[in-house]
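The structure appears right after this line, and notes come after that.
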Amino acid sequence: MPSNSGELERIKVLVVDDKTLFAQGTVSLLGIEPCISVVGVAANGTECLELVRGKMPDVVLLDINLLDNNGVSQIDEIKKVRPEAKIIIMTGQNLQDYVSLPKSKGADGILLKDSSFKEMTQSIFKVYKGGISFPQRSETSLQSLKIGTGLPISLKLKNIKKKLLSTREIEIIELVAKGFHNKEIAAKLGIKVRTVDLHVRNILAKLGVSTRFEAVLLWTYVDKDWFLES
């Protein structure tokens, strides 16, 4: 949660959803949290970009299925206007069904629309601090979750050599998944930042992904036995 020293630091949040009742409900819920300030509500992609330019939000809660524009393609447009904005994709679909995460996109988290208020605020705080946020692991299989160019994890794993992450790499991906930056990871493990940078690059290469987001997605939802080095 943001620091409360001195003047209260408030996270500026923009809600982007064309379902009016859901958007209004989200605004009402977030209004309870003193560290969050909802700076606007957009019902479509055009309104979203106008508000991003005018309100400069820290976090954007973005519906993945906007009527006038695919929510995922909207990410690039938001990043062009405000590169530092953190984006949480909201979806009403079960993650088992489908979540498209193209490699070129800069999402920072996924949030199911039936998430609790606590899950929503925790997700906002986490991405605001530079972390990556996903829903809690489902009791049911999430092997059909799609990643990268739309390849289901269950198929993607067939193209990944099993038992390929070293003990140190596992330590690092665990910390990345918890939202730590490379500098923080280096301090925590007592190693140099450039060493962490190298390990992260190796992890991405071994998993066949291009972003930390995708790496954490795989790490979060796949049986860890896939990643443990022999």
Side-chain angles (χ1 to χ4, degrees), residues 2 9-20 22-23 26-27 30 35-93 95 98-113 120-121 123-135 145-151 176-177 179-183 197 200-201 204-205 207-218:
E9 180 184 1
R10 305 185 76 188
I11 302 172
K12 295 184 293 183
V13 175
L14 172 63
V15 178
V16 185
D17 199 298
D18 52 19
K19 285 78 173 176
T20 304
F22 179 84
T26 300
V27 172
L30 294 179
C35 292
I36 292 175
S37 173
V38 178
V39 296
V41 178
N44 54 58
T46 301
E47 290 181 6
C48 170
L49 294 181
E50 289 177 353
L51 286 169
V52 169
R53 291 188 185 94
K55 300 295 184 179
M56 303 295 283
D58 301 307
V59 178
V60 178
L61 297 181
L62 177 66
D63 182 7
I64 197 173
N65 291 313
L66 292 176
L67 292 178
D68 72 326
N69 191 8
N70 180 276
V72 174
S73 65
Q74 185 76 15
I75 295 173
D76 276 347
E77 298 303 316
I78 294 172
K79 290 292 186 177
K80 288 177 184 176
V81 176
R82 184 164 168 75
E84 59 270 38
K86 307 299 182 181
I87 300 175
I88 299 174
I89 293 175
M90 297 189 297
T91 176
Q93 298 170 302
L95 286 179
Y98 181 73
V99 176
S100 176
L101 297 171
K103 290 184 179 181
S104 64
K105 307 306 178 184
D108 300 282
I110 303 173
L111 188 66
L112 294 177
K113 286 191 172 183
M120 180 179 290
T121 54
S123 181
I124 291 171
F125 292 140
K126 191 169 185 179
V127 301
Y128 176 72
K129 294 178 181 178
I132 297 170
S133 179
F134 297 110
L145 183 66
K146 296 187 178 182
I147 189 171
T149 56
L151 183 66
V176 170
F180 288 96
H181 298 289
N182 286 8
K183 186 175 181 180
D197 294 340
V200 170
R201 287 198 296 271
L204 298 185
L207 298 185
V209 297
S210 59
T211 67
R212 293 160 73 99
F213 185 90
E214 293 173 287
V216 172
L217 183 61
L218 279 171

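These values consider heavy atoms only, across backbone and side chains, with no hydrogens, waters or symmetry-generated copies.
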(request) Give a yes or no on whether the backbone of K12 and the side-chain of D58 come within a donor-acceptor separation of less than 3.5 Å. (result) yes

(message) A side-chain contact here means heavy atoms from C-beta on lying under 4.5 Å apart; do V60 and Q74 qualify?
(response) no

(message) Run R10 and I36 through side-chain contact (heavy atoms from CB on, under 4.5 Å) and show every step you take.
(response) CA-CA 5 Å; R10 305 185 76 188; I36 292 175; over 6 Å; no

(request) Output yes when a side-chain donor or acceptor of H181 lies under 3.5 Å from a complementary backbone atom of G131, and no otherwise. (result) no

(message) A side-chain contact here means heavy atoms from C-beta on lying under 4.5 Å apart; do D108 and I89 qualify?
(response) no

(request) Over all heavy atoms of both residues, which pair between S123 and S133 is shortest? Give the atoms and the distance, please. (result) OG-OG, 2.9 Å

(request) Using atom types as modelled and distance alone, determine if a side-chain donor or acceptor of D18 lies under 3.5 Å from a backbone N or O of A43. (result) no

(request) Using modelled atom types only, decide if a donor and an acceptor are shared between the side chain of R82 and the backbone of V52 within a distance under 3.5 Å. (result) no

(message) If you define the side chain from C-beta out and look only at heavy atoms, does anything of V16 sit under 4.5 Å from I78?
(response) no

(message) Counting C-beta onward and ignoring hydrogens, is there a side-chain heavy-atom pair between R212 and N182 closer than 4.5 Å?
(response) yes

(request) Starting at CG of L111, measure out to CG of D63 and round the result to the nearest 0.5 Å. (result) 11.5 Å

(request) Could you check L14, L30, V41 and say which one makes a side chain to side chain contact (heavy atoms under 4.5 Å, CB included) with L61? (result) L30

(request) Output all residues satisfying side-chain contact (heavy atoms from CB on, under 4.5 Å) with E50, sequence neighbours left out; order by chain, then residue number. (result) T46

(message) A side-chain contact here means heavy atoms from C-beta on lying under 4.5 Å apart; do C35 and F125 qualify?
(response) yes

(request) Side-chain contact test, heavy atoms from C-beta onward, threshold under 4.5 Å: evaluate it for I11 versus V13 and give yes or no. (result) yes

(request) Kindly indicate whether the side chain of I88, heavy atoms from C-beta on, has any atom under 4.5 Å from the side chain of I110. (result) no

(message) Contact between M90 and L62 at the side-chain level, heavy atoms closer than 4.5 Å - yes or no?
(response) no

(request) Please lay out, stage by stage, how L51 and V39 fare under the test side-chain contact (heavy atoms from CB on, under 4.5 Å). (result) CA-CA 8 Å; L51 286 169; V39 296; over 6 Å; no

(message) Other residues, nucleotides and ligands only: do more than 12 of their heavy atoms fall within 6.0 Å of NZ on K113?
(response) yes

